[in-house]
*Asks:* 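Mind looking over this structure? Questions follow.
FYI, the numbering just counts along the sequence from 1. Start at 1 and go down the list; that is how both ligands and their atoms are numbered. All values derive from a computational prediction rather than experimental measurement. Side chains included, hydrogens not; waters and symmetry mates left out as well; all remaining heavy atoms used.
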Amino acid sequence: MLHFTQLKSAFKELELADKPVIVHSSLKRFGPIECGPKTVIQAILATTHGLMVPTFTYMTMVTPGVGPDNNGLTYGSGRDLNKMAVPFHHDLQPDKMMGSLPRTLLFQEGSSRTAHPILSFGGIGLDHILITQTLGEPLAPIGALANHDGWVILINVDHSVNTSIHYAEKLAGRRQFLRWAIVENRIVECPGFPGDSTGFTEIDECLRNDTRRVQVNNAVIQAVPLKRLFAAVQELIKKDPLALLCQRSDCERCNTVRNL
Ligand SMILES: [Zn+2]
């Protein structure tokens, strides 16, 4: 059983006491944790300067019958899924693939959540950063976090879930997409929707010297400064405009970027 003090000393080794962080996580490899994900959140809060997590809700999305060209989407393809879509509301559970930490964070005292119907963020102690999000600039909090010398922490996950790379792709001029989501009883256009992240592990090599690593039992915690991450992604895309795209032949968003 993993205890708070063990987790706290692991996160402390990252030396991020004065840095705000965005966290992506899968907690399974830690094994049993005393009091569960809550303890991980407390350990992060005790060793950093505020925490935010994606609390994305893809179940709010609908696919229309028609829309703009080059949008990485087959229009009219989501008829059955559209029927299952649910309106966004403040207490809607984040998608399961976000892991248990974001779900737990939203129930913590002092936590906030932004109101983007698909790409909401939750956080504790970072309201001044979360407030920068708009419908048109869904990833703005990641830019704001970088301006405050923020770091990204990956707990037992790799860069394929690192949302901050999407922000850097946009900085590099890569195409963003238009998506649609239900809010109350209407459908809202959500611009600035990012591409596919499956190919993001390619960035690993470029960040080898900038990554701090700590191991706890079988679990690996990595931390990377956002500014350095943004620079590495932009450098890579400048060198190779197809960098970080996945190799799946049926990936609509990567294929759109490839064929523009
Ligand atoms: Zn792809």
Side-chain angles (χ1 to χ4, degrees), residues 22 24-26 53-64 66-82 84-85 94-99 102 116-121 136-140 142-143 152 154-181 189-208 211 222 224 226 229-260:
I22 178 168
H24 302 278
S25 58
S26 166
V53 291
T55 54
F56 300 169
T57 47
Y58 300 115
M59 63 287 248
T60 60
M61 295 174 77
V62 288
T63 305
V66 288
D69 292 337
N70 298 319
N71 194 24
L73 187 67
T74 306
Y75 294 110
S77 64
R79 276 189 204 120
D80 293 338
L81 284 173
N82 285 354
M84 292 193 286
D95 196 287
K96 278 214 171 76
M97 72 175 86
M98 306 276 126
H116 193 285
I118 310 168
L119 304 172
S120 65
F121 289 94
E137 293 287 349
L139 302 182
I142 292 172
V152 54
L154 303 174
I155 304 174
N156 301 318
V157 290
D158 61 28
H159 283 287
S160 66
V161 299
N162 185 353
T163 310
S164 301
I165 296 179
H166 287 305
Y167 184 85
E169 282 186 302
K170 194 186 171 200
L171 291 179
R174 187 162 272 180
R175 183 175 190 85
Q176 308 289 294
F177 301 96
L178 181 63
R179 291 295 180 267
W180 293 262
E189 281 192 353
C190 302
F193 192 80
D196 171 49
S197 61
T198 319
F200 284 1
T201 47
E202 192 186 338
I203 200 70
D204 239 347
E205 223 166 286
C206 316
L207 297 169
R208 200 154 284 167
T211 304
Q222 301 186 75
V224 182
L226 283 174
L229 175 71
F230 293 177
V233 169
Q234 289 180 89
E235 258 165 57
L236 197 63
I237 293 178
K238 201 174 168 190
K239 247 191 278 168
D240 172 12
L242 304 184
L244 302 167
L245 299 178
C246 83
Q247 301 305 318
R248 276 172 22 228
S249 58
D250 63 342
C251 181
E252 293 184 282
R253 281 176 294 169
C254 289
N255 284 338
T256 301
V257 172
R258 205 171 271 125
N259 297 329
L260 276 175

*Asks:* side-chain contact (heavy atoms from CB on, under 4.5 Å) with I165: which of I142, V233, L236?
*Replies:*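 Result for side-chain contact (heavy atoms from CB on, under 4.5 Å) with I165: V233.
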*Asks:* Can you name the residues that form a ring-ring contact (aromatic ring centres under 6.0 Å, His included) with H159, not counting sequence neighbours?
*Replies:* none
*Asks:* Who pairs with F193 by ring-ring contact (aromatic ring centres under 6.0 Å, His included), at least two apart in sequence or on another chain?
*Replies:*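 For F193 there are no ring-ring contact (aromatic ring centres under 6.0 Å, His included) partners, ignoring immediate neighbours.
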*Asks:* I'd like to know whether S160 forms a side-chain hydrogen bond (donor to acceptor under 3.5 Å, both in side chains) with T201, so could you lay out the CA-CA distance, the side-chain angles of the two residues, the decisive distance to 0.1 Å, and finally the verdict.
*Replies:* CA-CA 6 Å; S160 66; T201 47; over 6 Å; no
*Asks:* Return the set of residues passing ring-ring contact (aromatic ring centres under 6.0 Å, His included) with F56 (not counting sequence neighbours), or none when no residue passes.
*Replies:* F121
*Asks:* So do R248 and C254 actually touch side chain to side chain, heavy atoms under 4.5 Å?
*Replies:*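 Not in contact.
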*Asks:* Listing by chain and number, which protein N, O or S atoms are under 2.8 Å from the Zn ion (ligand 1)?
*Replies:*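 As for protein N, O or S atoms lying under 2.8 Å from the Zn ion (ligand 1), they are D196 OD2, C246 SG, C251 SG, C254 SG.
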